[in-house]
Amino acid sequence: MKTRILILCLLSACSAYAQSTADSTDLYRESSVSELFGIGEKTYNKAARGTTSFRGHWNGVRLGFMNFAKLAPETEAADLNINHSLSMQFNLVKREISLSKKQNFGIVTGLGLEYQRFRFQDNNITFHKTDGQTLPTEVRTLHTDAREIRKSSFKNLYLTIPVLLEVQIPKNAAPAKRMFLSAGVMAGIRMHSKTKIVYQDNQNDTMKKKQKGNFNVLPVKADAVVQIGYRHVTLWGSYTLTRLFKKSSLPDLNVYTVGFGFSI
């Protein structure tokens, strides 16, 4: 009888110890899972904020006035009206890499769109592709019914990818109170080109003529870019290192642009 009671006591003690161990294990597991969720949340928040407090200046809207750097005798007719020859940039995506402990120097890149509209001093001029060559051409030779020509323009659309080095000063100031200066290269991939002519015909009807094509425009361009600014306001300039048209067409036509913009 005493032996039976002793065995029952031992079994009860073992059961209580096992239950205590299980509760302790469950508590440890719950604690471990909680810690893992905490680590994961901190990692996500850090990734969401980015690993750097360096904030470059690229995304936003830019407006610039364009002109050709030099005109050859064959291209004198393509003299631009700089007041109406515009570059409009919509910089949509921005990424930056810090290169300094003060978070005031780094690399800025991203994605954007650039819309170019070239307007000529002489409305009677347009770019026209004939026999594989693109040349300045009189509108009236293409549209003999044109009595009064109101507008003549040439347009391009590019996907843009910049790689800029940016420095912000003074380095000890808060990021929002620093001036910035950046310079680098912006690549452009041509997506679309067209001409547009608006004129009145002999019956005083307004005619709008559009022509789409590649016009021998290079499929890829490269611009040297410089910009300076404070907070959200930017002054910028660019020079196209590549020619506008392929060598089989016009002599070198390099575009330069000066303008302003707003960053977001």
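Thr137 places a side-chain N or O within 3.5 Å of a backbone atom of Leu135 that can act as its donor or acceptor partner. Looking at Gln121, its side chain does come within 3.5 Å of a backbone N or O of Leu80 through a donor-acceptor pair. A distance-only check finds a donor-acceptor pair linking the side chain of Arg231 to the backbone of Ala176 [under 3.5 Å]. A side-chain donor-acceptor contact under 3.5 Å links Thr160 to the backbone of Gly112. When atom types are taken as modelled, the side chain of Ser85 and the backbone of Arg119 share a donor-acceptor pair closer than 3.5 angstrom. In this structure, the side chain of Glu166 engages the main chain of His57 through a donor-acceptor pair within 3.5 Å. Of the possible polar contacts, one joining the Asn104 side chain to the Gln168 backbone as a donor-acceptor pair under 3.5 Å is found. Side-chain atoms of Arg178 come within 3.5 Å of backbone atoms of Lys171 as a donor-acceptor pair (strictly under, hydrogens ignored). For Arg147 (side chain) and Asn204 (main-chain N/O), no donor-acceptor pair under 3.5 Å exists by modelled atom type. Looking only at distances, a side-chain donor or acceptor of Thr242 sits under 3.5 Å from a matching main-chain atom of Ala222.
With sequence neighbours excluded, the residues that form a salt bridge (charged side-chain N to carboxylate O under 4.0 Å, His left out) with Lys94 are Glu96.
With contacts defined as side-chain heavy-atom distances shorter than 4.5 Å, the pair Asp131/Gln133 does not qualify. Under the 4.5 Å side-chain criterion, counting only non-hydrogen atoms from C-beta, Met191 is in contact with Leu113. For the pair Thr257 and Trp236, the minimum side-chain heavy-atom distance is below 4.5 Å. Side-chain atoms of Lys208 and Lys151, non-hydrogen and from C-beta on, never get closer than 4.5 Å to each other. Ile169 is not listed as a side-chain neighbour of Phe180, based on a closest heavy-atom distance of 4.5 Å or more. Between Tyr115 and Lys155 there is a side-chain heavy-atom pair separated by less than 4.5 Å. Residues Phe118 and Met66 have side chains in contact (heavy-atom distance under 4.5 Å, counting atoms from C-beta outward). Contact of the Leu181 side chain with the Val226 side chain is registered, since non-hydrogen atoms from C-beta on lie closer than 4.5 Å.
Across all their heavy atoms, Ser152 and Asn123 have their closest contact at CB-O, 3.2 Å. Across every non-hydrogen atom of Thr126 and Phe120, the tightest pair is CA-CE1, 4.0 Å. Between Val217 and Phe154, the closest heavy-atom pair is CG2-CZ, 3.7 Å. The minimum heavy-atom distance linking Leu164 with Ser182 is given by the pair CD1-OG, 4.2 Å. Scanning both residues, Arg243 and Leu218, for their nearest heavy atoms gives O-CD1, 3.1 Å. Between Leu99 and Ile107, the shortest heavy-atom contact is CD1-CG1, 3.8 Å.
Cluster annotation: Val185 and Val258 are assigned to distinct hydrophobic clusters (Ile/Leu/Val/Met/Phe/Trp/Tyr, side-chain heavy-atom contacts under 4.5 Å, transitive). The hydrophobic cluster containing Val233 also contains Leu63, counting ILVMFWY residues as joined when their side-chain heavy atoms lie under 4.5 angstrom apart, directly or transitively. Clustering ILVMFWY residues whenever any of their side-chain heavy atoms sit less than 4.5 angstrom apart, transitively, puts Ile125 in a cluster other than the one holding Val198. In the hydrophobic cluster analysis, where Ile, Leu, Val, Met, Phe, Trp and Tyr join through side-chain heavy atoms closer than 4.5 angstrom, Tyr239 is grouped apart from Val163. Under the 4.5 Å side-chain heavy-atom criterion for grouping Ile, Leu, Val, Met, Phe, Trp and Tyr, Ile149 is not connected to Leu142 through any hydrophobic cluster.
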Go through the steps for Lys102 and Asn172 under the test side chain to side chain donor-acceptor pair (under 3.5 Å), then give the verdict. CA-CA 7 Å; Lys102 292 290 186 179; Asn172 293 322; 3.3 Å; yes

Stepwise side chain to side chain contact (heavy atoms under 4.5 Å, CB included) check, Leu92 with Leu111: CA-CA 6 Å; Leu92 309 174; Leu111 286 173; 5.7 Å; no

Please lay out, stage by stage, how Ser87 and Glu114 fare under the test side chain to side chain donor-acceptor pair (under 3.5 Å). CA-CA 7 Å; Ser87 167; Glu114 181 183 18; 2.7 Å; yes

Could you walk me through whether Lys212 and His192 pass the side chain to side chain contact (heavy atoms under 4.5 Å, CB included) check? CA-CA 8 Å; Lys212 300 178 182 179; His192 179 74; 3.8 Å; yes

List the steps and the verdict of side chain to side chain contact (heavy atoms under 4.5 Å, CB included) for Asn156 and Leu244. CA-CA 10 Å; Asn156 289 319; Leu244 179 60; 3.9 Å; yes

Would Ile82 and Asn67 satisfy side chain to side chain contact (heavy atoms under 4.5 Å, CB included), going step by step from the backbone distance to the final call? CA-CA 6 Å; Ile82 192 172; Asn67 203 356; 4.0 Å; yes

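Note that OG1 of Thr134 and CG of Asn216 are 4.0 Å apart. Values are rounded to the nearest 0.5 Å. Taking CD from Glu76 and CG from Leu71, the interatomic distance works out to 7.0 Å, rounded to the nearest 0.5 Å. With rounding to the nearest 0.5 Å, the separation of NE2 in His128 from CZ in Phe215 is 8.5 Å. Residue Asp201 holds its CG atom at 5.5 Å from CE of Met207, rounded to the nearest 0.5 Å.
No side-chain donor-acceptor contact under 3.5 Å links Lys70 and Asn254. There is a side-chain donor-acceptor pair under 3.5 Å between Asn214 and Lys129. For the 3.5 Å distance criterion, the side chains of Ser98 and Gln103 qualify, holding a donor opposite an acceptor. Defined by atom type and a distance below 3.5 Å, a donor-acceptor pair is present between the side-chain atoms of Asp223 and Thr240.
The side-chain contact (heavy atoms from CB on, under 4.5 Å) test with Tyr199 singles out one residue from Arg140, Arg150, Lys209, and that residue is Lys209.
Taking the six-membered ring for Trp and the full ring otherwise, the centers of Phe245 and Phe127 sit less than 6.0 Å from each other. Under the 6.0 Å cut-off for aromatic ring centres, Phe262 and His232 do not qualify, their centroids lying 6.0 Å or more apart.
Cation-pi geometry between Lys221 and Tyr158 is met: under 6.0 angstrom from the ring centre, within 45 degrees of the axis.
By the 6.0 Å contact criterion, CZ on Arg95 is open, its count of non-hydrogen atoms from other residues, nucleotides or ligands being 12 or less.
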